[in-house]
Amino acid sequence: MKTAAYVEILDREGALLAAAAEAAGSGAEVPTCPGWRVRDLLRHTGTVHRWATAFVAEGLTGPRPAADPTDLDGAPLLAWFREGHGRLVETLAGAAPDLRCWHFLPAPSPLAFWARRQAHETTVHRIDAESARGGEPTGVGADFAVDGIDELLCAFHAREKSAVRTEEPRTLRVRATDTPDAVWTVLLSARPPVTVREDTAAADCELSGPAPLLYPALWNRRPFPRVTGDGSLAALWRERSGVVWR
């Protein structure tokens with residue numbers, strides 16, 4: 001996907017997130033994030049947006065911790081979220097393609113990284129906001145969902161931080177049934193997972209379904225559409241795959 005497409009998705013998803021949060025109310029529980037209320041979701045996502053903006057806007061070449069979340073609530077918190085989201089969209093849309101700044105996952109360029117990462121960050125948390133609001137969630141495009149699965153499996157869980165590990169080698173397959181060639185083989189061991197974008201070797205367990213359903217499931221926002229084989233590996237993913245912010 002091109003950077004402009006990610007920025008467009010980020011723009012739309014942030015607006016949907018804010019609308020769902022406003023409808024739910026800042027004190028509403030977030031079913032997809034146990035222990036969180038909508039105010040926690042807005043504070044977290046708004047903080048991430050401002051953190052990401054700084055790297056792009058200021059060309060920061062090394063890591064920098066995020067600021068502490070705001071203590072705003074209610075309407076002022078929503079306004080704060082919308083302002084930060086709008087600035088992130090504007091910053092990414094106006095950045096030079098040859099921008100150089102720090103980023104933490106492999107990408108064609110720093111700008112491509114931040115646009116992609118924030119589009120997916122915001123989409124996942126929009127799903128959270130809509131779970132608090134209730135009702136039918138907004139759909140996700142199949143191509144974008146496949147891209148998000150790829151980022152999660154091939155980038156996030158290739159890092160040393162990944163806790164998805166097994167004592168003995170096991171193989172997990174992830175298959176998007178609505179997109180040709182959208183299949184991943186995840187080799188599990190005592191080391192970080194190694195994922196290849198192909199259907200190789202026999203799998204101990206397969207997680208499958210349409211990409212727009214599989215994507216939030218792998219982010220632990222909904223049940224897996226289908227599990228075949230050893231269900232303990234699906235349970236392992238549920239228990240160990242959370243991406244820690246701090």
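From a predicted model like this one, the values you see are computed outputs, not experimental measurements.
Annotation for R87 and A57: closest pair NH2-CB, 4.0 Å, computed over non-hydrogen atoms. Taking all atoms of both residues into account, the shortest heavy-atom contact from T166 to L233 is CG2-CD2, 4.3 Å. Considering all non-hydrogen atoms of both residues, L214 and P225 come closest at CD1-CD, 4.0 Å. Closest approach of A23 to R133, counting heavy atoms only: CB-CG, 3.9 Å. In terms of heavy atoms, A211 sits closest to I149 at O-CD1, 4.3 Å. Nearest heavy atoms, S131 versus P31: OG-CD, 3.3 Å.
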Exercise for review: Dump the intermediate steps for side-chain contact (heavy atoms from CB on, under 4.5 Å) on H125 and D128, then the final yes or no.
Suggested key: CA-CA 5 Å; H125 288 315; D128 294 331; 2.8 Å; yes
Exercise for review: Please test T195 against L187 for side-chain contact (heavy atoms from CB on, under 4.5 Å), starting from the C-alpha separation and ending with a verdict.
Suggested key: CA-CA 6 Å; T195 300; L187 305 175; over 6 Å; no
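Here the straight-line distance linking atom CG of L92 with atom OG1 of T53 works out to 6.5 Å at 0.5 Å rounding. Atom OG of S26 is separated from atom CZ of R37 by 10.0 Å, given to the nearest 0.5 angstrom.
Relative to the ring axis of Y215, R222 does not place its NZ or CZ within 45° and under 6.0 Å from the centre.
Exactly one of H157, R165, K161 qualifies for a side chain to side chain contact (heavy atoms under 4.5 Å, CB included) with P192. That residue is R165. No option in F156, F144, W114 other than F144 meets the ring-ring contact (aromatic ring centres under 6.0 Å, His included) test with H120. When each of D98, V7, T3 is tested with L111 by the rule side chain to side chain contact (heavy atoms under 4.5 Å, CB included), just one qualifies, namely T3. Looking at E121, R39, H49 one by one, the single match for side chain to side chain donor-acceptor pair (under 3.5 Å) with H44 turns out to be E121.
Hydrophobic side-chain contacts under 4.5 Å tie L78 into a cluster, directly or through other members, with L17, V30, W36, V38, L41, L42, L72, L77, W80, F81.
No side-chain heavy atom of E206 sits less than 4.5 Å from a side-chain heavy atom of V227. Two residues are said to be in side-chain contact when any heavy atoms from C-beta on lie closer than 4.5 Å; K2 and E8 fail this criterion. Residues R126 and T45 form no side-chain contact, since every pair of their non-hydrogen atoms from C-beta on lies 4.5 Å or further apart. By the 4.5 Å heavy-atom criterion applied to side chains, W219 and I127 are not counted as neighbours. The side-chain heavy atoms of V146 and E151, taken from C-beta on, include no pair separated by under 4.5 Å. Two residues are said to be in side-chain contact when any heavy atoms from C-beta on lie closer than 4.5 Å; V124 and R221 meet this criterion. In this structure, R100 and T61 have side chains that are not in contact, with every pair of non-hydrogen atoms separated by 4.5 Å or more. Between L218 and F224, the closest side-chain pair of non-hydrogen atoms falls below 4.5 Å.
Electrostatic pairing of R170 and D230 counts as a salt bridge here, judged by a charged N lying under 4.0 Å from a carboxylate O. We find that R50 and E83 are joined by a salt bridge, their nearest charged nitrogen and carboxylate oxygen being less than 4.0 Å apart. Ion pair R173/D204 not flagged as a salt bridge, since none of the NZ, NE, NH1 or NH2 atoms sits closer than 4.0 Å to an Asp/Glu carboxylate oxygen. A salt bridge links R191 with E160; the closest basic N to acidic carboxylate O contact falls under 4.0 Å.
Side-chain contact, T138 with E130: a donor N or O sits under 3.5 Å from an acceptor N or O. At a cut-off of 3.5 Å, with distance as the only test, no side-chain donor of H85 or Q118 sits close to an acceptor on the other residue. With hydrogens and angles left out, the side-chain atoms of S241 and N220 include a donor and acceptor closer than 3.5 Å.
F113 and V89 end up in the same hydrophobic cluster when Ile, Leu, Val, Met, Phe, Trp and Tyr side chains are linked at under 4.5 Å. Both L105 and F55 are members of a single hydrophobic cluster when ILVMFWY side chains are connected at heavy-atom separations under 4.5 Å. In the hydrophobic clustering of this structure, V56 groups with F104; members are Ile, Leu, Val, Met, Phe, Trp, Tyr whose side-chain heavy atoms approach within less than 4.5 Å, directly or through other members.
By the neighbour-count criterion of 12 heavy atoms within 6.0 Å, atom CG of D199 is densely surrounded, having more than that number from other residues, nucleotides or ligands. Heavy atoms of other residues, nucleotides or ligands lying less than 6.0 angstrom from CZ of R159 number more than 12. Within a 6.0 Å sphere centred on CD of E198, other residues, nucleotides and ligands contribute more than 12 heavy atoms. At most 12 non-hydrogen atoms from other residues, nucleotides or ligands lie less than 6.0 angstrom from CZ of R226.
A donor-acceptor distance shorter than 3.5 angstrom exists from the side chain of T47 to the backbone of R43, with no hydrogens or angles considered. Side-chain atoms of S109 come within 3.5 Å of backbone atoms of A112 as a donor-acceptor pair (strictly under, hydrogens ignored).
Relative ring orientation between W51 and W102 is described as perpendicular, the plane-to-plane angle rising above 60° on a 0-90° scale split at 30° and 60°.
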